[in-house]
Structures are given as C-alpha cells and as structure tokens.
Asker: 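Shown below is the structure under consideration.
By convention in this document, chain letters (A, B, ...) are assigned in the order of the sequence lines, proteins followed by strands, and residues within each chain are numbered from 1.
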Number of protein chains: 2
Amino acid sequence: MSQTTRADARKNRDLLLAAAAELVAEHGTDASLRDIARRAGVGIGTLYRHFPTREALLETLLNANFDVLRARADSLLASPVPSDALLTWLGELAAGAATYQGLPESIMNALANEESGLHASCAGMRSAGGRLLERAQQAGSVRSDVTISEVIALALGLAWAAERSVDASDLVARMLSTTMYGLADRGQ
Amino acid sequence: MSQTTRADARKNRDLLLAAAAELVAEHGTDASLRDIARRAGVGIGTLYRHFPTREALLETLLNANFDVLRARADSLLASPVPSDALLTWLGELAAGAATYQGLPESIMNALANEESGLHASCAGMRSAGGRLLERAQQAGSVRSDVTISEVIALALGLAWAAERSVDASDLVARMLSTTMYGLADRGQ
DNA sequence: ACCTGAACACCGTTCAAGT
DNA sequence: ACCTGAACACCGTTCAAGT
C-alpha cells in the first residue's frame with residue numbers, strides 16, 4: 001500500500017471513469033474500450049487492469065444509479081396505494097434504463113447471467129422491486145401469477161422499444177400504465 | 001444476359017443464401033458476413049456484390065416470412081372478433097420475430113430507417129397490421145389514441161425481452177394478452 | 001505495483017487485379 | 001460480367017517488457 005503508486009493508480013482509475021462516462025453517454029453501453037482508454041490518456045492495458053470486463057466498468061459507472069433505484073423501491077413501500085407505487089417504480093426503472101443507449105440490454109443480460117460484473121447491482125435492484133410487487137399482490141391489486149422478473153422484463157422491453165422508436169416520446173409511460181391496468185387482479 | 005455467367009452468379013447467390021440461413025439461425029442477425037461467405041465457399045467480395053448491405057441479405061432471407069405475416073393480417077380482417085384478431089396477429093409477429101436472435105432489433109431499426117434494405121418488407125407488414133388495428137378501434141374495442149407503430153413496438157419489445165429472459169417460455173403471450181386487456185376502450 | 005503498447009485474432013468494407 | 005482476396009481501419013483481449 002505505498003502512497004505514491006496508489007495515488008497514480010487512483011488517478012488513472014478516475015480518468016478512466018470520467019472518459020467512460022463521456023463515451024458511454026455519446027455511444028452507449030457498447031462504446032469502444034480503446035476509445036475510453038484513449039480519451040483517458042492511458043494505455044489499454046491499464047483499463048483492463050482496473051476493470052477486467054466491460055461489465056465491471058459499467059458497474060462502477062452505474063452503481064449510484066442502481067442504489068437510487070433500490071432506495072426508491074424501499075421508500076415507495078411506505079406509499080399509500082401499492083399498485084401506484086409499483087407503477088411509479090417501474091416507470092423510474094424504465095427512465096433510468098433509457099439514460100444510456102444499450103442500457104436496457106446490459107441490465108437484462110446482467111440479470112440473466114450471474115457471472116456478469118453487473119449482476120449484483122441489478123439483482124439487488126430486482127429484489128427491492130420484488131417487495132414492491134409482493135405488496136401490490138397482497139393488497140389484491142396485481143395478479144398473483146406475475147413475477148418480478150417478468151414485470152422488469154416488460155419495463156426494460158418498453159424502454160428498449162422506445163429507445164429505437166421515432167415517435168416514442170411518451171410511449172413508455174403510456175404502455176406501462178396500460179399494461180398495469182391489464183395486470184390488475186380481477187379475482188379470477 | 002449471357003447464359004453461363006448468369007448460372008454461375010445465381011449459384012453463388014443461392015449458396016450465399018443457404019449459408020446465411022444456417023449462420024443466422026446459429027448466431028442471429030449479427031452473424032459474421034465473412035463466415036457466411038466462407039461457408040458458402042465464396043469470396044467476401046462476392047457476398048457484397050450480391051448483397052450490398054447486411055439488411056439486403058436479411059431482406060432476401062426473410063422476405064417470405066414477412067409476406068406470410070402480411071397475408072395473415074389480411075385474412076384476419078375477416079375474422080369475427082376484431083380485438084382477438086389483432087391480438088392473434090401481434091402474437092404471431094412476436095413469435096416470428098423470435099425466430100432469429102436479434103431479429104426484433106433488426107425489424108425495429110428497419111421500421112425507423114427508410115434507407116434500410118429491410119424497410120420495405122417491414123413497412124408493408126406494418127400497414128397490414130394497421131388495418132387490423134383500425135378495425136378493432138372502429139369496433140370500439142381498442143382505444144383510439146394508440147398507433148400501429150406503438151403496438152408493434154410493444155410486441156417487438158416483448159419478443160426482445162423474452163429472447164434474453166431465463167423463464168420466458170410464455171412471457172410474450174401472457175404479457176400481450178395482459179396488455180391488450182389494458183388497451184381496451186372503456187369509453188373515457 | 002503499476003503502466004505501456006505491440007501482438008493476435010477477429011470484424012466490416014473497398015477495390016485493384018484477374019477470368 | 002463476375003469473382004477473388006489483399007488491404008485498410010477498426011475491434012476486444014492478452015502479455016512481455018519496462019518503471
């Protein structure tokens with residue numbers, strides 16, 4: 001743990017993250033890792049030393065966002081109408097996933113693949129959402145045969161569709177509320 | 001239009017299409033064009049001569065499928081319950097898009113981009129679906145503020161989500177009928 | 001301990017050279 | 001008219017060589 005080398009390494013790490021934030025904003029989740037290293041003014045090997053996989057880099061970059069989403073789910077547990085709380089949260093998930101091009105896909109892959117460097121963050125967010133869904137189901141306002149994975153897949157699928165739609169301005173919100181209406185438990 | 005050279009060219013074209021069918025089935029819409037040329041036993045330049053873009057190749061490969069979908073929409077126009085007809089068709093669209101990995105994305109891109117070699121096929125299919133939607137709306141069973149583009153985006157978004165879901169066996173069908181329920185016109 | 005960049009095995013795409 | 005494959009400009013990823 002020598003001081004000088006650590007400071008250097010940390011500075012490179014920060015430069016890489018700043019460059020990654022820029023390039024992911026410009027070119028999405030698939031931004032060239034070489035470009036990121038280049039913009040950071042650092043060798044490509046240094047990028048790989050700090051972030052062994054693209055997912056590990058995204059994890060560090062997006063960790064805060066997932067935390068916010070997780071915290072939001074927790075605080076929405078206290079809101080009065082369970083099904084509204086779930087709908088609100090799904091809308092925020094979709095909006096969050098629309099932050100960067102390709103992010104819906106990255107999250108979806110991370111949820112399906114435990115080896116992904118993004119898995120932990122995404123799975124944490126998913127369980128937080130799961131509690132929100134459970135509450136809505138126990139309140140009798142959402143069908144009991146729906147899983148949190150399905151409902152998240154739906155929200156991300158809509159975010160994905162909106163991302164490559166021409167007139168998609170409010171598509172996500174409309175489709176989500178429409179779908180929530182369809183998910184209502186009508187006691188069959 | 002000399003005979004011999006034409007026969008040669010046509011044979012190469014057929015070899016390329018056969019190879020493309022195999023490799024797209026194996027690796028999806030993003031299959032390596034080099035691999036396709038390789039498996040066809042043909043130079044990469046020959047592939048580009050016959051199919052100037054990846055979309056042009058996909059167009060030839062999938063043309064028949066889009067035709068079927070278009071014809072289906074037309075014949076469903078005669079079925080008794082307009083909203084059921086629409087739901088059935090959207091289900092078949094989603095199922096068709098699930099044929100190859102990446103196909104939902106290719107179709108979505110083609111619909112948004114008039115320059116795409118896939119645009120004509122996809123747009124034709126879209127208008128056929130549009131007539132189905134219109135009929136359901138005129139029958140008063142689907143809200144009038146919904147567009148065919150939105151409804152197709154929804155179906156493809158679900159197909160996309162199912163494609164990268166673990167437990168997605170019947171996700172598309174369930175979500176589609178659920179959503180159609182939400183799209184019902186309740187006369188507001 | 002950390003950094004660098006050449007090296008490797010791939011892409012998509014173009015185009016001079018061949019028949 | 002058609003075919004070929006080298007060439008170019010890119011990737012992601014690894015690893016020997018440097019400090």
Asker: What integer distance in Å separates B:Tyr48:OH from D:dC3:C1'?
Answerer: 16 Å

Asker: In whole Å, what is the span from the CG atom of B:Leu15 to the P atom of D:dC3?
Answerer: 10 Å

Asker: Quick one: does B:Trp89's side chain have a donor or acceptor within less than 3.5 Å of a partner on B:Leu69's backbone?
Answerer: yes

Asker: Would you kindly say whether B:Ser116 and B:Glu55 are connected by a side-chain donor-acceptor distance under 3.5 Å?
Answerer: no

Asker: Which of residues 27-43 of chain B have a heavy atom under 4.0 Å from DNA chain C?
Answerer: B:Ala31, B:Ser32, B:Leu33, B:Arg34, B:Asp35, B:Arg38

Asker: Dot-bracket notation for DNA chain D is requested: 5' to 3', Watson-Crick or G-U wobble pairs only, both distances under 3.5 Å, with ( ), [ ], | and . as defined.
Answerer: ||.|||||...|||||.||

Asker: So, OP1 or OP2 of C:dC3: does either fall under 4.0 Å of a side-chain N or O from A:Asn12?
Answerer: yes

Asker: I'd like to know if the side chain of A:Ser127 reaches the main chain of A:Ala123, judged simply by a donor and an acceptor atom lying under 3.5 Å from each other, with no hydrogens or angles considered.
Answerer: yes

Asker: Name every residue in residues 49-59 of chain A that has at least one heavy atom under 4.0 Å from any atom of DNA chain C, in order of residue number, or write none if there are no such residues.
Answerer: A:Arg49, A:His50

Asker: Is it possible for you to say whether B:Leu15 and B:Leu23 belong to one hydrophobic cluster, with membership spreading through side-chain heavy-atom contacts below 4.5 Å?
Answerer: no

Asker: Any sub-3.5 Å donor-acceptor pair from A:Arg164's side-chain atoms to B:Glu105's backbone N or O?
Answerer: no

Asker: Starting at atom CD1 of B:Ile44, determine the distance to atom P of C:dC15, rounded to an integer number of angstrom.
Answerer: 15 Å

Asker: Do side-chain atoms of B:Thr29 reach the backbone of B:Val24 as a donor and acceptor pair under 3.5 angstrom?
Answerer: no

Asker: Do A:Gln137 side-chain atoms and A:Val146 backbone N/O form a donor-acceptor pair below 3.5 Å?
Answerer: yes

Asker: Can a donor-acceptor pair be found between the side chains of B:Arg13 and B:Thr60 at a distance below 3.5 Å?
Answerer: no

Asker: Is A:Lys11 salt-bridged to A:Asp14, cutoff N-O under 4.0 Å?
Answerer: no

Asker: Check whether any side-chain N or O of A:Arg70 sits under 3.5 Å from a backbone N or O of A:Ser121 as a donor-acceptor pair, and report yes or no.
Answerer: no

